[in-house]
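Provided herewith is a single structure, encoded as structure tokens, for subsequent inquiry.
So that the names make sense, note that chain A is the first sequence line, chain B the second, and so on, each numbered from 1.
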2 protein chains.
Amino acid sequence: MADTPKSDKIDMKTLAKVLNVSIATVSKALRDSHDIGPETKLKVIEAARKLNYVPNPYASSLRKKASNTIAIIIPEIADSFFSQAINGIESIVAIKKYHTLIYLTHDSYEREAYMFGELASGRVDGVIMSVASNTEDTSHIKTLQQAGVPVVFFDRVFNDLNSVKITTDDLNSAYVATNHLLDASCKNISLVTIKGYPSILSAREQGYKQALAERGVQPKESGVVTCSNKYNNENVEVIKEHLRLQKPDGIIATVEHLATSTYLACNELKLNIPRDVKVVCFTNQITAPILNPPLTTILQPAFDMGKKAAQLLFDHLAGKAVENNKEIVLPSTLVIRESSIMELLN
Amino acid sequence: MADTPKSDKIDMKTLAKVLNVSIATVSKALRDSHDIGPETKLKVIEAARKLNYVPNPYASSLRKKASNTIAIIIPEIADSFFSQAINGIESIVAIKKYHTLIYLTHDSYEREAYMFGELASGRVDGVIMSVASNTEDTSHIKTLQQAGVPVVFFDRVFNDLNSVKITTDDLNSAYVATNHLLDASCKNISLVTIKGYPSILSAREQGYKQALAERGVQPKESGVVTCSNKYNNENVEVIKEHLRLQKPDGIIATVEHLATSTYLACNELKLNIPRDVKVVCFTNQITAPILNPPLTTILQPAFDMGKKAAQLLFDHLAGKAVENNKEIVLPSTLVIRESSIMELLN
DNA sequence: GTGAAAGCGCTAACAG
DNA sequence: CTGTTAGCGCTTTCAC
């Protein structure tokens, strides 16, 4: 009834019949095997092209025990860091002519573990991932690794796992950002952050505290504002409350969407950025320069992190010796704009 | 040498052996077939769980001629519209326990056509796509459809193709935006846009021109600024040039990254938004309210478009009668902020 | 250089 | 209710 007239699928068998050769010959010719004569090869390839032959990937995967597919497992996608990282991964995957399965954990350990389960039995040849914020048990990851599937981590990594990790210098970036605010004569700097995220946000918090301590400021717990993971109005309220109570003159926001919340909170309280509060945020959003005021950011090398992760995964798949516990740290850069500058430019 | 001790893959055969039943019984028990006794079923499921059995997806796909996988084919991913749409798609895919392959065309017809080729032979059960800007020939799409793979379009669609399409009311949104600027007493409104994108940007251009015409303003060609597809500095120069020559007092930017370019161009020329130029942009970026000034946007229902596209694809896959040429139009909304407002709020 | 045959792991008839 | 059997479409020894 539907108008989808199944066009006659042509497979190797029919191809072989048409060409009056064996199916084995077709297979070898198409994979450019050394033991097929050049004319035969040409004939086969020509016929395949003409008849629009497309090999069945699953038959081939089943036989070869290789899927030519990788998985990307990340917490979320509507985030410029992750989407730029995907671009980096894709830049390599496309060259290798692999396929990419994408899975979003929405920062849930349960989903992450479920997804890893789905990847057993050869669905993918390798995995690139950034772990969910509430993942503590890593057995799902280990199980997959033990099954022979390499897992490369980027951004949010697990240090106790024996595998390649691509990170950026979170601790140092926060350290630099904090010092930058101190240099801009902030006396009371707060960190606006999110619960969880073991590896990465705690590194940022450490960098922040370390910088304060070195400058003789005792970091107090009340300087850390804990927001929710989701982009919502609640966070604006939490930050407003903090601004009212603690009256910080500097804020470091540790994740992208908290920039918006922080700006809105300041606006609603009629606090001027940077005069009353100076702001720095970890974000890759392209709108940073046109915010009110232009936002000082810690720009992460998202694309390159994704690209590097993919490169190392493919090195591993190609059997190249990849140091098992390799940890690559790509630098983030502090891009200074008006939101953290002392003297207004006018 | 690598420390990846292939754990003994356990398959149905070994599972059957352990349980002292036939392999068929195992298969049926696991798929909850009606003709297996409840105790046997339990025994099998229990053993499978205990031995950590995971079915080989490719063997099953090969046999069933169904992959439980769909493909998303989109121009780019570092764009809030597309990443939010993916979230919408994923919200359904996750429920259906399907898998998602993702392909980025980078707006290239050649890559798009290549990717469609890869999808023949059953790699996916269905496709959700937004076409590349320079795709004119649709034979690659038709070929896949004729092979029985349903293709659902969203956002950038082809009208001559016989399939489900999810769009937003681009023409009307531009029409509304233009009228909004006219109401704000703009006399000389320009459209900042991009070459190509047959379906969607031309609809926006039409809406713009139609609104002008109805208000007795003859739209002139010089009112349309053509930028490049990529986010770069060149676009800023093109827009500056236009601002200098045409002195528009209103600008409608048709794609997300042109908001940044337009703001930067105005800043560099020291043109005040909204006093000298009022700006409206098609964008879903969450930073719109904190720009300088807050940006009036045409907000597209990205998540819902993706979700609806996925729902209809699964309806089709489930054999439900889906009207073949169904076209669903979800409304965009004009969110008015300071960038297009006549009187400053102070 | 080419072909026959076995089988990857699973599902679906069909018998019993 | 359970088991036997025949493939899905491809790759890969191993004979010829």
| query | Of B:Glu39 and A:Asp11, whose closest DNA chain D nucleotide lies nearer the 5' terminus? | reply |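 Here B:Glu39 is the residue nearer the 5' end.
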| task | Mind checking side-chain hydrogen bond (donor to acceptor under 3.5 Å, both in side chains) for B:Lys142 and listing every partner two or more places apart, or none if nothing turns up? | result |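 Listed in chain order: B:Thr138.
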| query | How long is the line joining CG of B:Asn56 and P of C:dG7, in whole Å? | reply |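 Distance, rounded to whole Å: 18 Å.
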| query | Roughly, in whole Å, what's the span from NZ in A:Lys43 to P in C:dG1? | reply |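 My rounded result for the distance is 15 Å.
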| said: Nearest whole Å is fine: how far is C:dG3 P from A:Asn20 CG? | reply: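 Rounded to the whole Å, the gap is 9 Å.
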| request: Write down the distance between CG (A:Leu19) and C1' (C:dG3), rounded to a whole number of angstrom. | output: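 Nearest whole value for this atom pair: 15 Å.
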| task | Would you mind reading off the distance between B:Ile36 atom CD1 and D:dG3 atom C1', rounded to a whole angstrom? | result |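 It is 10 Å, rounded to the nearest whole Å.
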| Check: A:Thr69 side chain, A:Ser67 main-chain N or O, donor-acceptor pair, under 3.5 Å |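 Judged by distance alone, yes, a pair lies under 3.5 Å.
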| Should B:Thr25 be listed as having a side-chain N or O under 4.0 Å from OP1 or OP2 of D:dG3? |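 Checking B:Thr25 against D:dG3: at least one side-chain N or O falls below 4.0 Å of OP1 or OP2.
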| note | Counting primed atoms, P, OP1 and OP2 as sugar-phosphate and everything else as base, the B/S/- map of nucleotides 11-16 of chain C against protein heavy atoms under 4.0 Å is BBBB--
| Is a side-chain donor or acceptor of A:Thr100 paired with a backbone partner of B:Ile102 at a separation under 3.5 angstrom? |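 The answer is no, because no donor-acceptor pair under 3.5 Å joins these two groups.
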| Integer-rounded Å distance: D:dG3 P and B:Lys17 NZ |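 Roughly 15 Å, once rounded to whole Å.
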| request: Could you check how far CG of A:Asn68 sits from P of D:dC10, rounded to whole Å? | output: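 Roughly 15 Å, once rounded to whole Å.
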| said: Can you see if the side chain of B:Lys65 gets near the phosphate of D:dG9 - specifically, an N or O under 4.0 Å from OP1 or OP2? | reply: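 Indeed, a polar side-chain atom of B:Lys65 lies that close.
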| task | List in chain and number order the residues that pass ring pair (Phe, Tyr, Trp, His ring centres under 6.0 Å) with A:Tyr109, two or more places apart in sequence or in another chain; answer none if no residue qualifies. | result |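 Ring pair (Phe, Tyr, Trp, His ring centres under 6.0 Å) check on A:Tyr109 returns A:His140.
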| said: Let me confirm one number: the CD-NE2 distance from B:Glu110 to B:His106, rounded to the nearest 0.5 Å. | reply: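 Here the rounded value is 13.5 Å.
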| said: In whole Å, I'd like the distance from the OH atom of B:Tyr58 to the P atom of D:dC10. | reply: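 My rounded result for the distance is 16 Å.
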| field | Lys/Arg N to Asp/Glu carboxylate O, A:Lys308 vs A:Asp315, below 4.0 Å | value |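 Judged by the 4.0 Å cut-off on N to carboxylate O distance, A:Lys308 and A:Asp315 do not form a salt bridge.
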| said: I'd like to know if B:Glu46 and B:Lys43 make a salt bridge, using a cut-off of under 4.0 Å between side-chain N and carboxylate O. | reply: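 The answer is no: the pair does not qualify as a salt bridge.
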| task | With heavy atoms under 4.0 Å as the rule, sort B:Ser61 into base, sugar-phosphate or nothing. | result |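 No contact at all - B:Ser61 keeps every heavy atom at 4.0 Å or more from the nucleic acid.
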